[in-house]
Peer 1: 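Shown below is the structure under consideration.
One is the number of the first residue; the rest follow in order along the sequence.
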Amino acid sequence: MSQLPELADSLRKLAESGTDYRLSRMFLNLIYERAVELGLDPADFEMETYVLHGGGGTEMPTFRHRCTRMRHGPTEGYFSFGRGIDEEGCWTYPCEWSPSHRERTNFGSPPDRETQVHFATEDWLTAIKVEKESPNLWEGVQLAIEASAGSEGPNELLGVDARIAFAKDLDAIQSDFEERFAESQSAIDDLRKEIDFLKGSTQRLGWIDLKRSAVASAVTLGMQHGPAFASELLQRILAAIERVPELPAGIVL
């Protein structure tokens, strides 16, 4: 008899915490296997429990469900695997995740767990991979623009030796990219056009404008062939500009 109050208290706490609808081991393993297949590190993921509650009134029963939320540390991504009840009293599986291919944050309310997990493996995890591995092209562009805008001193033209040195660096960059991206002839053709443009620009553009022209070339290539291609190209060209001799006094790159 003395144990009855403790048992009643345990049952009350269990009811308050909600019914356990966290992911089963089968679904957790499916997500794990898909993450490994995509080359993601399972150690970057964490799992937590959250309570989804709702309902009330005459049309919808009250519920408190303990559900699973997964987080991805490096990208600050997350996926919430909910389970709820709709207005007609039917099971539903509301979910929210970030990132997504279509939006920064996406939502769904499928009728079954299988579809919900499919959202996680085929949209969320693949978006995680893109978010983690793709360079932030716009961040590099913005840094270059800010550096150019903050330059002081005259926007002087390059001397003859500087133009020759810069052209050699551009030739080396072009040769390297042609070898690495040989399977994409269109990317190589567009790269050659932008490199030729930059070489010609040294005869009419000053240091600051030349840097801005390099940013414009990288943005153009990024729109055509993806940010990974253009981001590295931009960094290589900006580094070449910084190595050019006869830097005019007062110019800060």
Side-chain angles (χ1 to χ4, degrees), residues 3-137 183 226-228 231:
Q3 296 181 348
L4 287 179
E6 296 179 2
L7 178 60
D9 185 58
S10 297
L11 292 174
R12 179 184 58 79
K13 291 181 179 179
L14 179 61
E16 291 177 351
S17 67
T19 308
D20 190 351
Y21 285 117
R22 292 173 294 181
L23 288 180
S24 67
R25 182 171 297 180
M26 179 184 74
F27 286 120
L28 289 172
N29 286 346
L30 285 175
I31 296 169
Y32 178 97
E33 291 169 358
R34 180 58 171 155
V36 172
E37 180 184 349
L38 291 171
L40 299 171
D41 186 353
D44 289 337
F45 293 85
E46 295 181 358
M47 281 182 289
E48 62 186 33
T49 299
Y50 74 102
V51 176
L52 179 65
H53 54 82
T58 58
E59 301 295 331
M60 188 175 181
T62 301
F63 63 86
R64 288 178 61 86
H65 296 164
R66 284 187 291 157
C67 304
T68 300
R69 179 180 289 119
M70 298 189 71
R71 296 189 180 276
H72 184 254
T75 62
E76 299 182 352
Y78 64 89
F79 196 110
S80 299
F81 299 85
R83 177 165 178 173
I85 305 173
D86 64 18
E87 294 180 355
E88 298 178 354
C90 299
W91 290 117
T92 183
Y93 291 81
C95 48
E96 175 183 335
W97 67 96
S98 175
S100 168
H101 287 291
R102 293 181 296 174
E103 312 285 351
R104 181 61 191 176
T105 303
N106 209 345
F107 305 88
S109 188
D112 52 68
R113 182 73 83 185
E114 287 79 6
T115 303
Q116 185 187 64
V117 172
H118 180 79
F119 289 162
T121 57
E122 302 309 314
D123 186 79
W124 182 56
L125 288 181
T126 55
I128 286 284
K129 179 178 177 65
V130 172
E131 189 78 9
K132 182 180 179 182
E133 297 181 358
S134 296
N136 186 343
L137 175 62
E183 72 283 357
S231 180

Peer 1: Do Y93 side-chain atoms and E114 backbone N/O form a donor-acceptor pair below 3.5 Å?
Peer 2: no
Peer 1: Per the side-chain hydrogen bond (donor to acceptor under 3.5 Å, both in side chains) rule, which among E46, E96, H72, R69 passes with Y78?
Peer 2: E96
Peer 1: Nearest 0.5 angstrom please: Q116 CD to R83 CZ, how far?
Peer 2: 10.0 Å
Peer 1: How many angstroms lie between atom CE of M70 and atom CZ of F81, to the nearest 0.5 angstrom?
Peer 2: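 The CZ atom of F81 is 6.0 Å from CE of M70, to the nearest 0.5 Å.
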Peer 1: T126 and R34: which non-hydrogen atoms are nearest, and at how many Å?
Peer 2: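 Closest pair (atom of T126, atom of R34, distance): CG2-NH2, 3.7 Å.
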Peer 1: I need the minimum non-hydrogen distance between P99 and D123, along with the two atoms involved.
Peer 2: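 For P99 versus D123, the nearest heavy atoms are O-OD2, 4.5 Å.
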Peer 1: Parallel, tilted or perpendicular for Y21 and H65, by the 30°/60° rule?
Peer 2: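 Y21 and H65: perpendicular rings.
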Peer 1: Roughly how far, to the nearest 0.5 Å, is CD1 of I128 from OG of S98?
Peer 2: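 Separation between the atoms: 7.5 Å.
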Peer 1: Search all heavy atoms of T68 against all heavy atoms of L23 and return the closest pair with its distance.
Peer 2: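 Nearest pair, atom of T68 first, then L23: OG1-N, 2.9 Å.
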Peer 1: Does E103 have more than 12 heavy atoms from other residues, nucleotides or ligands lying within 6.0 Å of its CD?
Peer 2: no
Peer 1: Look up atom CZ in R71 and atom OG in S80, then write down how far apart they are to the nearest 0.5 Å.
Peer 2: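 Spacing of CZ (R71) from OG (S80) equals 7.0 Å.
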Peer 1: Return the orientation label for the W124 and F45 ring planes: parallel under 30°, perpendicular over 60°, tilted otherwise.
Peer 2: perpendicular
Peer 1: Any idea which heavy atoms bring F79 and C95 closest together, and the distance?
Peer 2: CE2-CB, 3.6 Å
Peer 1: So does Y32 have more than 12 non-hydrogen atoms from other groups sitting under 6.0 Å from OH?
Peer 2: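 Open: at most 12 neighbouring heavy atoms sit under 6.0 Å from OH of Y32.
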Peer 1: Nearest 0.5 Å please: distance from the CG atom of D20 over to the OG1 atom of T49.
Peer 2: 7.5 Å
Peer 1: Does any non-hydrogen side-chain atom of V36 lie less than 4.5 Å from one of E33?
Peer 2: no
Peer 1: So does E131 pair up with R104, basic N to acidic O under 4.0 Å?
Peer 2: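 Salt bridge: yes.
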Peer 1: Do W91 and I85 have side-chain heavy atoms sitting under 4.5 Å apart?
Peer 2: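 With C-beta onward as the side chain, the pair touches.
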Peer 1: In terms of heavy-atom contacts, does CD of E37 have more than 12 from other residues, nucleotides or ligands at under 6.0 Å?
Peer 2: yes
Peer 1: Where do L125 and T121 come nearest, in terms of heavy atoms and distance?
Peer 2: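 What the structure gives for the nearest pair is CB-O, 3.7 Å.
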Peer 1: If every non-hydrogen atom of P110 is compared with every non-hydrogen atom of T92, which pair is closest and at what distance?
Peer 2: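 Looking at all heavy atoms of both residues, the closest pair is O-OG1, 3.6 Å.
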Peer 1: How long is the gap from NZ on K132 to CG on D41, to the nearest 0.5 Å?
Peer 2: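 The distance works out to 6.0 Å.
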Peer 1: Side chain to side chain donor-acceptor pair (under 3.5 Å) with R102: which residues, sequence neighbours excluded?
Peer 2: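 If we apply the side chain to side chain donor-acceptor pair (under 3.5 Å) test to R102, skipping adjacent residues, there are no hits.
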